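One structure is given here, and the rest of the page talks about it.
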Amino acid sequence: MTNTTATAAATSDIALPAHIAFLGLGSMAGAIMQGLLATRDAAAPPLKCTTKSAASAAQYEAVAGISVTSVEQHSEANRDAVRQAELVVLGVKPWGIVETLTEIAAELRPGAVVVSVAAGVPLAKMREALRQRPDVRLVRAMPNTPALIGKGVTGIAVEHLPAAVASGQGADPGAQAAAVATALFSAVGEVVVVPETQIDALSTVSGSGPAYLFWFVEQLTAAAERLGFEPETATVLAQNTVIGAAQLLEQGSKTAAEQRAAVTSPNGTTERALQAFNAADPEAMFDRALAAALQRAAEIAAA
Ligand SMILES: NC(=O)C1=CN([C@@H]2O[C@H](COP(=O)(O)OP(=O)(O)OC[C@H]3O[C@@H](n4cnc5c(N)ncnc54)[C@H](OP(=O)(O)O)[C@@H]3O)[C@@H](O)[C@H]2O)C=CC1
Ligand SMILES: O=C(O)[C@@H]1CCC=N1
C-alpha cells in the first residue's frame, strides 16, 4: 500500500463490515461494487444497491451477491438500503449528495460509516445534512475507475469531529472511520489517506487520471491514422502500446523515467519526438489542466 502524506491502515488488520449499501451505481460506484464483489465471500450478505432509474437497476439483474432497487420503482429504496448497513457508499453525482443524506438521515444505523465519492463536496456540507446524527461517521473518498479490476487508487479523508462530539464516541472515531473506508478501498486497489484539504488536488491526479490516459490513447490513435494506418491497426498500435507500457511500469523494476530512457536511444528517433513534445511546454499544460479541475471542484463546493 502506498502512502505519501499521512497514515493508511494496513489491509490485513481491518475487517470490512458485513452489511454494505451503495446508493447510486454508475461508472464509479458500479466499478467499486464489482471490484468488491470479486473479493467477497459468497456467503456474505448481499450488497444493497440503489439506482435512480429502473433501467439502470435492470442491468444488474443477473449479478449474484447484490440486490438492486431503483428509486423510480420504489421511492423508499435508499432508506430501505441503509437501514441495516454499517457502511454506506454514496455514488450519486455531487449535486445529489446533500439531498440523499437528508433523505436517509433518520434511517442510518447507529454508528454507521458513510463514504461519499463525490468530487468537490466538503465533509462540512455533508455534516450539515447529518447534523442530527453525530453518531454517524463521514468519509470523503476519491477513487478511480480501475477499481473495477482491483487496480484502483483511492484517496480518503475523514472529518475531525468537535472534541465534545468525538469524546462521546469512544476512541478516535475518525481513525475508525478511516479504517473502515480503507478496508473497502483496499479491496479494490491502493489507498492513500490525506487531509481533506488535499482531496480535490488528489482528484485532479488520480480521480481524473484514467481519463487523461484514455485521451492520450485517442490522440495517439488519431495521429497513427493521419500517418496512413487503417483505424483498426491504429487502435492496436496505440492501445496495446499503452497497455504494454503500463504493465512494464507495474513490474516495478524501473521507474517511469528509467523506462523512458530505455526506449530513447541517444540521438535516435524517440529523442526527436520527445523534444517536439517538450517544445510544447508540457509542464505548463499539465499545471493548467490540473488547476482547471481544481477550480471546478471549488465551484462544486460553493454551489
Ligand atoms: N466517474 C469517475 O471516474 C469518478 C466519479 N467520481 C464521483 O462519483 C460520483 C458518481 O459519478 P459517476 O459514477 O461518474 O456518475 P453516474 O452518472 O455514472 O452514476 C450516478 C449514479 O447515481 C444514481 N442515482 C442518481 N440519483 C439517485 C438517487 N436519488 N438515488 C439513488 N441513486 C441515484 C444513478 O442512477 P441512474 O443510472 O438510474 O441515473 C447512477 O447509478 C460523482 O459524485 C463523481 O464526482 C469520483 C471519482 C471518479
Ligand atoms: O469528472 C468528475 O467530476 C469525476 C471526479 C474525478 C473523476 N471523475
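Nothing here was measured: the structure is a model prediction, and the numbers come from that model.
When side chains are defined from C-beta on, V217 does not count as touching L213, because their heavy atoms never get closer than 4.5 Å. Between V192 and M142 the shortest side-chain heavy-atom distance does not fall below 4.5 Å. Side-chain contact between H74 and D80 is present, with heavy atoms from C-beta onward closer than 4.5 Å. Side-chain atoms of V117 and I32, non-hydrogen and from C-beta on, do get closer than 4.5 Å to each other.
Looking at T50 and N78, their side chains do bring a donor and an acceptor atom within 3.5 Å of each other. A donor and an acceptor atom, one from each side chain of E299 and Q295, are located under 3.5 Å apart. When only modelled atom types and interatomic distance are considered, R109 and Q84 share no side-chain donor-acceptor pair under 3.5 Å.
Put simply, V136 and V88 are part of the same group of oily side chains (I, L, V, M, F, W, Y) that touch within less than 4.5 Å, one to the next. Placement of I300 and L101 within a single hydrophobic cluster is found when ILVMFWY residues are connected by side-chain heavy-atom separations under 4.5 Å, directly or transitively. There is no path of hydrophobic side-chain contacts, each under 4.5 Å, that joins V242 to F229. Hydrophobic clustering (side-chain heavy atoms under 4.5 Å, transitive across Ile, Leu, Val, Met, Phe, Trp, Tyr) keeps L148 apart from M33. One hydrophobic cluster, built from ILVMFWY side chains closer than 4.5 Å, cannot hold both L202 and V205; they sit in different ones.
Within 6.0 Å of NZ in K125 there are more than 12 heavy atoms belonging to other residues, nucleotides or ligands. Atom CD of E230 has 12 or fewer heavy atoms from other residues, nucleotides or ligands within 6.0 Å. Residue F286 qualifies as open at atom CZ: its count of foreign heavy atoms under 6.0 Å is 12 or below. More than 12 heavy atoms of other residues, nucleotides or ligands lie within 6.0 Å of CD in E271, so this atom counts as buried by the packing criterion. Annotation: Q275, atom CD; neighbour count of heavy atoms from other residues, nucleotides and ligands within 6.0 Å is above 12.
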Go through it in stages, so that I can follow the logic: the residues are V98 and T102, the test is side chain to side chain contact (heavy atoms under 4.5 Å, CB included), and I'd like the CA-CA distance, side-chain angles, deciding distance and then a yes or no. CA-CA 6 Å; V98 166; T102 306; 4.0 Å; yes
Is there a side chain to side chain contact (heavy atoms under 4.5 Å, CB included) between N144 and T154? Walk through the geometry before answering. CA-CA 7 Å; N144 62 16; T154 304; 5.9 Å; no
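Side-chain atoms of T39 come within 3.5 Å of backbone N or O of L36 as a donor-acceptor pair. At distances below 3.5 Å, not a single donor-acceptor pair connects side-chain atoms of E99 with backbone N or O atoms of G96. A donor-acceptor pair is defined here as one N or O able to donate and one able to accept, closer than 3.5 Å; no such pair exists between the side chain of R272 and the backbone of N267. Between the side chain of R40 and the backbone N or O of G65, no donor-acceptor pair lies under 3.5 Å. With S206 contributing its side chain and G209 its backbone, the two residues share no donor-acceptor pair below 3.5 Å. A distance-only check finds a donor-acceptor pair linking the side chain of Y60 to the backbone of L25 [under 3.5 Å].
Ion pairing between a basic and an acidic side chain is recognised when a charged N comes within 4.0 Å of a carboxylate O; E107 and R79 show no such pairing. The pair K52-E72 does not count as a salt bridge, with every side-chain nitrogen at least 4.0 angstrom from each carboxylate oxygen. Taking 4.0 Å as the cut-off between side-chain N and carboxylate O, D200 and R140 count as a salt-bridged pair.
In this structure, S116 and M126 approach most closely via the heavy-atom pair CB-CE, 3.5 Å. Taking both residues in full, the closest heavy atoms of E103 and S75 are given as OE2-O, 4.1 Å, listed atom of the first, atom of the second, then distance. Heavy-atom minimum distance, V68 versus T51: CG1-CG2, 4.0 Å. Scanning all heavy atoms of the two residues, the minimum distance from L123 to A157 falls at CD1-O, 4.0 Å. Across every non-hydrogen atom of R127 and R137, the tightest pair is NH2-CA, 4.5 Å. Summarising the geometry of S208 relative to T204, their closest heavy-atom pair is CB-O, 4.1 Å, with the distance given to 0.1 Å.
Of the candidates L16, V139, V82, L16 is the only one forming a side-chain contact (heavy atoms from CB on, under 4.5 Å) with L87.
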